Structure formats: C-alpha cells, structure tokens
Enquirer: 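Take this structure first; my questions come after.
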There are 2 protein chains.
Amino acid sequence: MATNQADPAPPHPDVRLTPTSVIVLGLISMTGQATPYELKQAVAASVGNFWSLPHAQLYAEPARLARAGLLDEQVESGGRRRKTYRVTPVGHAALGRWLAEPTGTYTELRDPGLLKLYFGADRGPLARAQLDAHRAKLAEYEELMRSVGPTLPPGPRLALRSGIGHEREWVQFWSEVVREAGPDPGDG
Amino acid sequence: MATNQADPAPPHPDVRLTPTSVIVLGLISMTGQATPYELKQAVAASVGNFWSLPHAQLYAEPARLARAGLLDEQVESGGRRRKTYRVTPVGHAALGRWLAEPTGTYTELRDPGLLKLYFGADRGPLARAQLDAHRAKLAEYEELMRSVGPTLPPGPRLALRSGIGHEREWVQFWSEVVREAGPDPGDG
DNA sequence: ACCGTCATGTAATCGGTTACATGATTCT
DNA sequence: AGAATCATGTAACCGATTACATGACGGT
C-alpha cells in the first residue's frame, strides 16, 4: 500500500487551513511570535469581535500547524515549559495563498434568536432581549470606532465598519418586531 | 456514589438541546412526522436559508433525540427499514421550554470574507466576488418574499425579512469596498 | 502562611463534516 | 438490461467545546 513507506517524520505538508488556522497564522504573523496565552489576548483584542475562539483551541491549533511545518515551535526550558511560535516561510506562503483566493462563499446567519422567532416563540420578550443585547454591542462598536478607529489598518477598520452596519440592522429589525408585538404586558 | 443505581435503560431524560436538535424537533413538530430524508427536504425548504444542516446530521440527531425520549422512532419493516419519527410529549415540552427562554445571546458574524479583509487580502477581487454572491442571495430572498411571503406564518416571514435586511447590508458594504478599492484593473 | 482568584495548560467528550456504500429510478 | 444519476443510509475522522488540573500571585 502507498502509505506504507517509512517517513522519517518530516513536516506533513498538507493541512487544511480552517478559519481557526488562519486566525492563528495571521495573528502570529502580525506580532512576529506568540505563546498560546498571548494569542488568546491577541484574539480578544482583534478578530475576537466577529470570530472568537475558545482558549483551548489556541493550544491545540498552533501545535497542529507546527506539526505541519507552518509554524516553528520553541519550548521554554523553565518550569512552565511555555511554547513560543513563529510563522515559517512555508506558513507565510500558505497564509498568502489563502488570502489570495477571493471567496464567493455565502455565510448563513445562524442566529439562535432568529431560530426561536422562526419556530413561534413569544415575540415580545424575545425581541426585547435581543434589542438590549444588540444595542449594547452596537454602542461598544461605535465607541471602538470613535476611539481606535482612526489608527486602525484598513482591513480591521473595514471589518469594524461592517460589524457596525450589521448591528444597526439587528437593532432596527428587533425594534420593528417589538413594535409589531405590542408593548410589554408587564407595563401599566 | 449517586450515579451507581441500576437504571433499566429508560429514556435518558437530560439532553442538551443544540440548535440542530431544535430544528429537528421543530420541523417534525410542524409536519407531524418525518423520516430523515423528509427532514432533509423540509430543512432545505424552510430554515435552511439561514441555518442549514448536512444531511448526515438528520440521521444522527433524530436517533439521539429518540434515545433521550424526545422523539418516538418507528422502523419500517420493508427493505430500506426507513425510520419515521414523531415528537413525544416530553419532546414537545422540551421544545416549548427552549422557545420560552428569550435569549440575549449575541451571534458573531464569522464570515470568511471578512477574515480575508481583516488580514489584508487584496480588496478589489475579494469585494467583487462577495458582491456578486450577496447580490444573488438578495435577489433570491426578495423573490421568495414576493412569491411565498404573504402566505408565510409570522415567524418565518420575519426571519426572511431579517435575511433580506442583512443581505442589503452586505451588498452595501462590499459595494463601498469596491468603490474605495478602485475599478477592476482588468478593465480597459 | 493561607486563601481566593486569575493565569496557563491538558484531557475527554461530542457534534459535525467528510467520505464511503448501497438501494432505487430513469433513460436509452 | 445496462449505465448513469439520484435517493438514502452508515461509518470514520477531526475540530471544537467542556471540564478538569495545576501553577502563579496578590491580599490579609
């Protein structure tokens, strides 16, 4: 069988790049190097607003990418044995290729609130809860845009602009649902 | 220890309801009964627009819900041994409870195109590809609203309206990116 | 020195995706 | 009736979530 040859454990060259991979590659590429914990903070401060990752992934994924030769792994000798990662030339090339493919993929909304609405949940309470959440998020984004927006590179700034647009859409949508559902029966 | 008693394999009462569970429960509840294949068609014709499921899930998930006692499973005696599912009273109760909790959960965009934008992809080609995709989706939704919209129950119609709103937002966003990126260098 | 909390990391589980497999149907 | 295509179903794999575990650190 073809898989039977003895590989002297060279970097396995063919990994699928998931969005998680891209985030890890992209952030390490921007910062030069990072430990998983630093990655966690970097995600929270950057793409985390529209694509967050559980911290456990930030230990598993770099390890996977290192096995594939896209990252270089350096283990600290001290007590914690922290691992520091850097992007290899192979990794840069892979990231570059991924960035160069303009995707026409459509992303589904996959919003649990919408699911509740679809299957007949009571619209008043649902819409009010959603409205609160989205108003808060919108305020947060607008504050972000006001404070750090001007200093952001074009990509991140556009992403933030997009987030604001969608939050405005959500606020408007749920507002209409609230209006059509009538006022909170707890009132008056 | 408390878990040590001998259960005579009764329906395991505590399943987490994932969105997948809810879609399966909800659709079977609306149609009365369904086989996995019918579920596949039902999803495509309903929630599939904003929350699709790979067909393999529509075999695995009903089985799981049946084990938990939320669905009743009936096996056809013929050659295919098709399985037909119905919602049990326990299942209806579980669905009802889920629908009654108004969630304030915020859903991330998680759009691969935005990810590319964020990490510095060439904006022109990306934005044009995205624009095409979203224009097509928007046209599809608007056509749906025109044709079947008036006959839809409130929940599904609102969900569709929401989808249209978000697609308009995407179209506007990527249009701006196209404009700011300048015209296609492939042009004269 | 102890306790609570946060930082950091690993392990186990589970849902979801991908790939494969077989039965039905249609067309020629 | 044979081939191609679609319907229907199962199995294996893998990424992601959850839960657990330990190390550091600040306060009292």
Side-chain angles (χ1 to χ4, degrees), chain A residues 1-3 12 14-25 33-45 47-48 51-68 70-71 73-85 98 105 107-108 110 112 115, chain B residues 3 12 14-25 33-45 47-48 51-68 70-71 73-85 98 105 107-108 110 112 115:
Chain A
M1 36 186 82
T3 60
H12 188 60
D14 52 330
V15 254
R16 253 181 326 167
L17 283 198
T18 67
T20 298
S21 317
V22 169
I23 292 173
V24 166
L25 272 177
Q33 64 173 58
T35 66
Y37 191 72
E38 288 164 354
L39 272 178
K40 175 183 150 189
Q41 295 167 294
V43 168
V47 285
W51 203 312
S52 74
L53 303 176
H55 82 282
Q57 282 289 103
L58 299 176
Y59 291 86
E61 186 66 18
R64 199 173 77 93
L65 295 177
R67 274 197 304 278
L70 307 198
L71 289 180
E73 180 182 293
Q74 198 125 328
V75 184
E76 174 196 56
S77 35
R80 275 298 179 113
R81 308 200 62 73
R82 280 194 188 83
K83 288 166 184 166
T84 299
Y85 294 93
W98 186 84
T105 300
T107 302
E108 298 171 355
R110 292 188 174 248
L115 216 46
Chain B
T3 60
H12 188 61
D14 51 330
V15 252
R16 252 180 327 169
L17 282 198
T18 67
T20 298
S21 317
V22 169
I23 292 173
V24 166
L25 273 176
Q33 64 172 58
T35 67
Y37 191 71
E38 289 164 353
L39 272 178
K40 175 184 151 189
Q41 294 167 293
V43 168
V47 284
W51 202 311
S52 73
L53 303 175
H55 82 280
Q57 281 288 101
L58 298 176
Y59 292 85
E61 185 66 18
R64 198 173 76 93
L65 295 176
R67 273 197 305 278
L70 307 198
L71 290 180
E73 179 181 292
Q74 199 124 329
V75 183
E76 176 195 54
S77 33
R80 275 299 179 113
R81 309 200 61 74
R82 281 194 187 83
K83 287 165 184 167
T84 300
Y85 294 93
W98 186 84
T105 300
T107 303
E108 298 170 356
R110 290 186 174 249
L115 218 45

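Nothing here was measured: the structure is a model prediction, and the numbers come from that model. All chains are named by letter (A, B, ...) in the order of the sequence lines, taking the proteins before the strands, and each is independently numbered beginning at 1.
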Enquirer: Using atom CZ of B:R67 as one end and atom P of C:dG15 as the other, report the distance to the nearest whole Å.
Expert: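 Rounded to whole Å, this separation is 9 Å.
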Enquirer: B:E61 side chain: which of C:dG16, D:dG15, D:dG9 is closest?
Expert: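 Selected nucleotide: C:dG16.
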Enquirer: How do A:K40 and A:R16 order along DNA chain C: which one's closest nucleotide is nearer the 5' end?
Expert: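 Taking each residue's closest nucleotide, the earlier one in sequence belongs to A:K40.
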Enquirer: Say you draw a straight line from OG1 of A:T18 to CD1 of A:I23; how long is it, rounded to the nearest 0.5 Å?
Expert: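 Reported to 0.5 Å precision, the distance equals 8.0 Å.
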Enquirer: B:L65 has an atom CG; how far is it from atom P of C:dG15, in whole Å?
Expert: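 That distance rounds to 10 Å.
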Enquirer: What nucleic acid atoms does B:A60 come within less than 4.0 Å of, heavy atoms only: base, sugar-phosphate, or nothing?
Expert: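 No contact.
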Enquirer: Where each residue is assigned the nucleotide of DNA chain D containing its nearest heavy atom, which of B:R110 and B:Q41 is assigned the position nearer the 5′ end?
Expert: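 First, find each residue's nearest nucleotide; the 5'-ward one identifies B:Q41.
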Enquirer: Taking side-chain contact (heavy atoms from CB on, under 4.5 Å) as the criterion, tell me which of A:E61, A:H55, A:Q57 meets it with A:Y59.
Expert: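 The residue from A:E61, A:H55, A:Q57 that satisfies side-chain contact (heavy atoms from CB on, under 4.5 Å) with A:Y59 turns out to be A:H55.
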Enquirer: How many angstroms lie between CG in B:L115 and OG1 in A:T20, if you round to the nearest 0.5 Å?
Expert: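 Reported to 0.5 Å precision, the distance equals 9.0 Å.
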Enquirer: Please tell me which of the listed nucleotides, C:dG15, C:dG9, D:dT10, lies nearest to the side chain of B:K83?
Expert: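 Nucleotide nearest to B:K83's side chain: D:dT10.
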Enquirer: Which distance, rounded to the nearest 0.5 Å, do you find between the CG of B:L53 and the CG of B:L58?
Expert: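 Spacing of CG (B:L53) from CG (B:L58) equals 5.5 Å.
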Enquirer: For D:dG15, does either OP1 or OP2 sit under 4.0 Å from a side-chain N or O belonging to A:T20?
Expert: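 Negative; the distance criterion is not met.
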Enquirer: Of the options D:dG9, C:dT10, C:dT17, whose atoms approach the side-chain atoms of B:Y59 most closely?
Expert: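 Between D:dG9, C:dT10, C:dT17, the one nearest the side chain of B:Y59 would be D:dG9.
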Enquirer: What integer distance in Å separates A:L53:CG from C:dG9:C1'?
Expert: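 Value for this atom pair: 17 Å.
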Enquirer: Check whether A:E108 reaches the backbone of B:S52 with its side chain - one donor and one acceptor, N or O, closer than 3.5 Å.
Expert: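 At least one qualifying donor-acceptor pair exists.
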Enquirer: Quick check for you: among C:dT10, D:dA11, C:dG15, whose closest atom lies nearest to any side-chain atom of B:Q57?
Expert: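 Of C:dT10, D:dA11, C:dG15, C:dG15 is nearest to the side chain of B:Q57.
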Enquirer: Between D:dG15 atom C1' and A:L58 atom CG, what is the distance in whole Å?
Expert: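 Going from CG in A:L58 over to C1' in D:dG15 covers 13 Å.
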Enquirer: Which of the following nucleotides, C:dG9, D:dG9, C:dG15, is nearest to the side chain of B:R64?
Expert: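 Nearest nucleotide to the side chain: C:dG15.
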Enquirer: Rounded to whole angstroms, how far apart are NE2 on B:H55 and P on C:dT17?
Expert: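 The answer, rounded to whole Å, is 12 Å.
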